[in-house]
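What follows is one structure encoded as structure tokens, with my remarks underneath.
Chain A is the first sequence line, chain B the second, and so forth, proteins listed ahead of strands; every chain is numbered from 1. What you see is a predicted model, and the numbers here were worked out from it, not measured in a lab.
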2 protein chains.
Amino acid sequence: MVVLAVDVGGTKLAVGLVDTDGELVLSERMPTPPGGDADALWKALAGLAESVAERAAGELIGIGIGVGGPMAWPEGVVSPLNMPGWRDFPLVARLSERFPGIPVRIHNDAVAFAVAEHWRGAGHGSDNMLGMVVSTGVGGGLILGGHLIDGGTGNAGHIGHIIVEPDGPACGCGGRGCLEAVARGPALANWAVTQGWEPGGAAVSDLPEPLYMEAAMASARQLAFDAAAGDPIALAAMRRAGRAIGLALASATHLCDLDLVTIGGGLSQAGKLIFDPLEESLRAHARMDFAQRVRVLPAALGQDAGLIGAAALILRSDHYWAG
Amino acid sequence: MVVLAVDVGGTKLAVGLVDTDGELVLSERMPTPPGGDADALWKALAGLAESVAERAAGELIGIGIGVGGPMAWPEGVVSPLNMPGWRDFPLVARLSERFPGIPVRIHNDAVAFAVAEHWRGAGHGSDNMLGMVVSTGVGGGLILGGHLIDGGTGNAGHIGHIIVEPDGPACGCGGRGCLEAVARGPALANWAVTQGWEPGGAAVSDLPEPLYMEAAMASARQLAFDAAAGDPIALAAMRRAGRAIGLALASATHLCDLDLVTIGGGLSQAGKLIFDPLEESLRAHARMDFAQRVRVLPAALGQDAGLIGAAALILRSDHYWAG
């Protein structure tokens with residue numbers, strides 16, 4: 001028995017087969033058709049899914065999907081921010097038509113990441129954890145009491161919209177001072193530019209989506225390299241991100257009585273340049289006795305996490321599927 | 001069948017009988033013996049409990065307790081901040097000895113309040129809510145997916161320690177800028193004094209506990225009266241509290257995807273003087289689409305909430321007891 005796992009992102013599509021032990025037995029990836037309309041995106045994904053499903057040889061018991069928000073959940077009508085071609089696209093219904101007779105389940109890609117880290121990654125053994133992704137955005141998923149927390153509309157886990165600077169920078173959500181507005185890769189790179197840092201590439205703010213996101217993340221990667229090389233502005237940017245993340249995690253730990261936080265995504269690869277100031281700010285603010293036990297670990301699963309977490313919506317529904 | 005419900009506070013002890021419909025059929029209250037040592041506090045509570053239990057006429061099926069934190073949970077070894085006579089006091093074990101053969105369950109008093117509001121109060125019908133108390137402290141309890149969230153150590157719901165001003169006032173927890181450090185009654189009154197407000201009573205900071213708390217809350221009540229009468233500093237203090245609560249609720253709503261927040265406790269009685277700035281700040285910051293649905297309501301149950309919530313730990317254990 002295997003699950004068809006689907007990970008839909010703004011820059012790549014991935015489909016794999018995951019067995020009942022949570023092992024990814026095979027996977028295929030392709031670039032997301034840039035600028036694709038709804039139909040082009042669907043054809044690319046459906047083709048990839050069929051090519052992989054053929055190799056399941058009749059063993060397919062369900063489909064699990066991770067995709068960027070927002071979406072109507074659990075129905076799975078999706079409008080991923082970074083895929084303008086899909087607005088109110090009925091992804092679950094389409095896959096159900098294509099693969100009839102088996103359950104098709106969906107969640108936010110950051111939730112799938114958190115589920116994977118809880119099931120088979122750095123969060124294994126913790127019953128109360130936040131899995132977090134810091135990249136072009138800042139997202140996450142909450143597991144409390146050993147179960148995935150959905151919230152009222154499937155949107156629990158939005159750690160990126162905890163407020164860390166009440167009068168801070170405007171956020172894409174319309175608010176102000178959200179963690180995401182401070183610590184997502186493009187925001188950090190933009191902040192560094194205002195401090196005099198030179199990214200050495202195109203002026204990213206002039207580019208259209210999704211090139212903007214690509215270039216902005218390239219800038220953020222450059223920023224991390226420069227920080228590692230000792231550039232003082234780049235180092236300050238990493239401290240700025242780490243401190244903001246630490247503050248948000250102190251709030252989340254107090255509210256949810258967490259044991260553990262795992263952090264993945266591109267920016268987490270800056271390592272101690274981010275984790276050190278993160279720890280410092282977390283420990284300064286997470287001062288209730290119960291909160292001092294919380295641990296922060298790098299994610300363990302790498303790029304397969306999205307597929308493994310999506311599969312868990314089928315394979316470990318007792319823990320991860322209340323929808 | 002009835003449950004013996006126990007609500008232990010720094011200024012009063014309350015014990016009641018709650019029937020299976022959640023009706024408080026009788027209750028008795030007495031002042032907490034001021035300055036009492038462990039034994040004096042226990043004798044007072046045990047006497048009250050026995051006097052009430054006698055009237056249960058053999059129908060007693062369990063005991064539920066709400067008490068201020070911190071405590072070792074679910075063991076129920078308690079060290080309430082506002083009851084210095086109890087440090088590591090084995091409250092559950094003592095009540096189990098006194099009333100053998102029935103379950104004895106305990107939770108934080110703010111959690112009991114939230115449970116009551118979910119079961120029979122303003123939160124009835126919501127599956128994803130925060131119940132919050134704003135008084136000498138700021139506490140709360142989380143119900144997500146229709147179930148009480150305990151967190152790893154029974155401490156989930158500590159909304160008072162979400163950070164709302166990263167460089168703000170020192171908090172009793174050792175941190176800085178927590179909601180509680182800004183919005184609890186005594187902190188508000190102290191802030192108003194620094195702005196030139198005259199409380200018209202003793203200089204509360206010179207008084208010993210628990211007189212300090214009594215006097216500080218009297219000052220906070222005076223502050224609310226003065227605000228209602230139009231005193232500009234008192235009004236500014238209410239706005240300060242409302243804004244801070246709104247910020248914390250925006251963070252909590254984004255993280256937990258809440259439908260509803262209920263607010264009780266002394267300060268919530270300031271009504272729109274607090275709720276208006278609260279709404280303004282919440283709506284400015286809770287901008288994700290899913291978060292805009294959250295509603296904030298005054299608590300519905302009044303002073304019986306603590307007893308009803310404590311009883312629910314026994315009577316509705318499928319929703320409120322995982323311990």
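Of the listed residues (A:Gly145, A:Ala252, A:Pro70, A:Ala156), the one with the most heavy-atom contacts under 4.5 Å to chain B is A:Ala156. Contact count versus chain A (heavy atoms, under 4.5 Å) is highest, among B:Ala322, B:Gly151, B:Ala286, B:Gly154, for B:Gly151. Most heavy-atom pairs under 4.5 Å with chain B: of the set A:Gly152, A:Gly160, A:Ala248, this distinction falls to A:Gly152.
B:Pro166 touches chain A through backbone and side chain together, each having a heavy atom under 4.5 Å away. Within the 4.5 angstrom heavy-atom criterion, only side-chain atoms of B:Arg293, from C-beta onward, approach chain A. Neither the backbone nor the side chain of A:Val294 comes within contact range of chain B; no heavy atom of the residue lies under 4.5 Å from a heavy atom of that chain. In this structure, chain A has heavy atoms under 4.5 Å from both the backbone and the side chain of B:Ile159. Heavy-atom distances place the backbone of A:Ala284, and not its side chain, under 4.5 Å from chain B. Of the atoms belonging to B:Leu255, heavy atoms from both backbone and side chain fall under 4.5 Å from chain A.
Side-chain N or O atoms of B:Ser251 include one that pairs as donor or acceptor with a backbone N or O of A:Ile163 at under 3.5 Å.
Within a 6.0 Å sphere centred on CG of A:Asp289, other residues, nucleotides and ligands contribute 12 heavy atoms or fewer. Heavy atoms of other residues, nucleotides or ligands lying less than 6.0 angstrom from CD of A:Glu75 number more than 12. Heavy-atom neighbours of A:Arg295 CZ from other residues, nucleotides or ligands within 6.0 Å: at or below the threshold of 12. More than 12 heavy atoms of other residues, nucleotides or ligands shown are found within 6.0 angstrom of CD on B:Gln195.
Scanning for side chain to side chain donor-acceptor pair (under 3.5 Å) contacts around B:Arg120 gives B:Glu23, with sequence neighbours left out. Applying the ring pair (Phe, Tyr, Trp, His ring centres under 6.0 Å) rule to A:His107 yields the partners A:Trp73; only residues at least two apart in sequence or on another chain are considered. With sequence neighbours excluded, the residues satisfying side chain to side chain donor-acceptor pair (under 3.5 Å) with A:Glu165 are A:Arg240.
Contacts from residues 256-265 of chain A to chain B, taken as heavy-atom pairs separated by less than 4.5 Å, involve A:Cys256, A:Asp257, A:Asp259 in sequence order.
B:His254 has its ring centre less than 6.0 Å from the ring centre of A:His161.
The distance from atom OG1 of B:Thr153 to atom CE of A:Met288, rounded to the nearest 0.5 Å, is 9.5 Å. The line from CG of A:Leu247 to CD1 of B:Ile162 is 11.5 Å long, rounded to the nearest 0.5 Å.
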